[in-house]
Protein chains: 2
Amino acid sequence: MANYIKLRARLMRDDDIAFGPGKAQLLDAIESTGSISAAAREVGMSYRRAWLLVDTMNRCFREPLVHSAPGGKHGGGAEVTEAGRRIRQRYRQMEQALRDLADDFETSLENELN
Amino acid sequence: MANYIKLRARLMRDDDIAFGPGKAQLLDAIESTGSISAAAREVGMSYRRAWLLVDTMNRCFREPLVHSAPGGKHGGGAEVTEAGRRIRQRYRQMEQALRDLADDFETSLENELN
DNA sequence: TACCGCTATATCCTGCCATGCATAACGAAT
DNA sequence: ATTCGTTATGCATGGCAGGATATAGCGGTA
């Protein structure tokens, strides 16, 4: 596909991103791996970055989206909370609406583009 | 406003942004000032950046969105073409739809946010 | 008790991108 | 001919976001 609409929806709170595409993806990876560091490896970002994203998320919302505990391979780790799943679901729904909008816009411009 | 949804819609073509919020704003400024450099000053970006944006726009679409000619205060300058106004209008329309979507999403999360 | 892999955090490093500066040519007016 | 404010383009510098690295403490397992 040579040309397409790229949409990104970010939930801003003051100056930091409360939720966005990267955080949604990270949430998925945390859910499937059970740890922040493994999720970071899976997604291909540094642990530092992943931890910062989680921290920002948790600070921006009333309830944390990720619950984490120190400790080794068995015992510690991180999990997505109920609030996390709820918010992610809402985000996914709006993402879908966004894609529909994008398709409309794209077809309305298809004869103008190179 | 402490928390709000920030949406940006970019029309991508390969790896560069054919159209987006910055380019829409720049187009307005070019229309009102009649030159790229004056528009850059008005918007608060460097001339180089403004010129690059215009160049990208013009390369991505069939017809140029901005027509420019060298030469001094009287004679040279830049103007928004008919195609430019057409595309910008389409973009504005979709931006409005985007804002409506954002409002819905925001209210659906208002009790979760800090 | 030793080990492993995780959370959490501070500090340092580096690569990239935008900005700013420099330059050349142009076109109209005076 | 001179001046002014453009377009158009290249180059170098600097700032900063993010990655890499180091360290400390934790919680299970074997």
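Below, chains carry the letters A, B, ... as their sequence lines are ordered, and counting in each starts from 1. If you're wondering where the values come from, they're calculated on a predicted model, not measured in any experiment.
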List the atom pairs, with distances to 0.1 Å, where a side-chain N or O of residues 16-26 of chain A and a protein N or O form a donor-acceptor pair under 3.5 Å, not counting sequence neighbours.
| residue | atom | partner | partner atom | Å |
| --- | --- | --- | --- | --- |
| A/K23 | NZ | A/I17 | O | 2.9 |

Near-strand residues of residues 19-46 of chain B, defined as heavy-atom separation under 4.0 angstrom from DNA chain D: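 Within this stretch, B/S35, B/I36, B/S37, B/R41 sit under 4.0 Å of the strand.
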Interface with DNA chain D, restricted to residues 55-66 of chain A and to heavy atoms under 4.0 Å: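 Listed by number, there are none.
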Any side-chain heavy-atom pair of B/H67 and B/N58 under 4.5 Å: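 No, their side chains stay 4.5 Å or more apart.
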Sub-4.5 Å side-chain heavy-atom contact between B/L109 and A/L11: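 In short, these two side chains touch, coming nearer than 4.5 Å.
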Start and end of chain A contact along DNA chain C [non-hydrogen atoms, under 4.0 Å]: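 Terminal contacting nucleotides, 5' to 3': C/dG5 to C/dT11.
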If I compare all heavy atoms of [X] with all of [Y], which pair ends up nearest, and what's the gap?
{"X": "B/R13", "Y": "B/C60", "result": "CD-SG, 3.7 Å"}
{"X": "B/A83", "Y": "B/P64", "result": "CB-O, 4.1 Å"}
{"X": "A/S46", "Y": "A/A40", "result": "O-CB, 4.0 Å"}
{"X": "B/L7", "Y": "B/L98", "result": "CD1-O, 3.1 Å"}
{"X": "A/I36", "Y": "A/A78", "result": "CG1-CB, 3.7 Å"}

Residue pairs fulfilling ring-ring contact (aromatic ring centres under 6.0 Å, His included) with at least one residue in residues 93-114 of chain B, sequence neighbours excluded: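 ring-ring contact (aromatic ring centres under 6.0 Å, His included) check on residues 93-114 of chain B returns no pairs.
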Once side-chain contact (heavy atoms from CB on, under 4.5 Å) is applied, do any residues pair with [X], and if so which ones, sequence neighbours excluded?
{"X": "B/E95", "value": "B/Y91, B/R92, B/R99"}
{"X": "B/Q89", "value": "B/Q93"}
{"X": "A/S32", "value": "A/E42"}
{"X": "A/K73", "value": "none"}

Between the first and last five pairs of the helix from C/dT1-D/dA30 to C/dT30-D/dA1, the angle of the axes, rounded to 10 degrees: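 Roughly 0° between the end axes, to the nearest 10°.
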DNA chain C: 5'-proximal contact among A/G77 and A/W51 (nearest heavy atom):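 Its nearest nucleotide lies further toward 5', so the answer is A/G77.
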Residue closer to the 5' end of DNA chain C, A/G72 versus B/G71 (nearest nucleotide):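 Closest to the 5' end, via its nearest nucleotide, is A/G72.
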5′-ward residue of the pair A/G76/A/R49 relative to DNA chain D: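 Taking each residue's closest nucleotide, the earlier one in sequence belongs to A/R49.
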Residue pairs fulfilling salt bridge (charged side-chain N to carboxylate O under 4.0 Å, His left out) with at least one residue in residues 78-88 of chain B, sequence neighbours excluded: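 Non-adjacent pairs meeting salt bridge (charged side-chain N to carboxylate O under 4.0 Å, His left out): A/E112-B/R86, B/D28-B/R88, B/E31-B/R85, B/E31-B/R88, B/E63-B/R86, B/E82-B/R85.
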Test log, rule side chain to side chain contact (heavy atoms under 4.5 Å, CB included), inputs A/D103 and A/I5: CA-CA 8 Å; A/D103 289 346; A/I5 301 273; over 6 Å; no
Covered region of DNA chain D, 5' end to 3' end, by chain B [heavy atoms, under 4.0 Å]: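 Result: D/dG5 to D/dC11.
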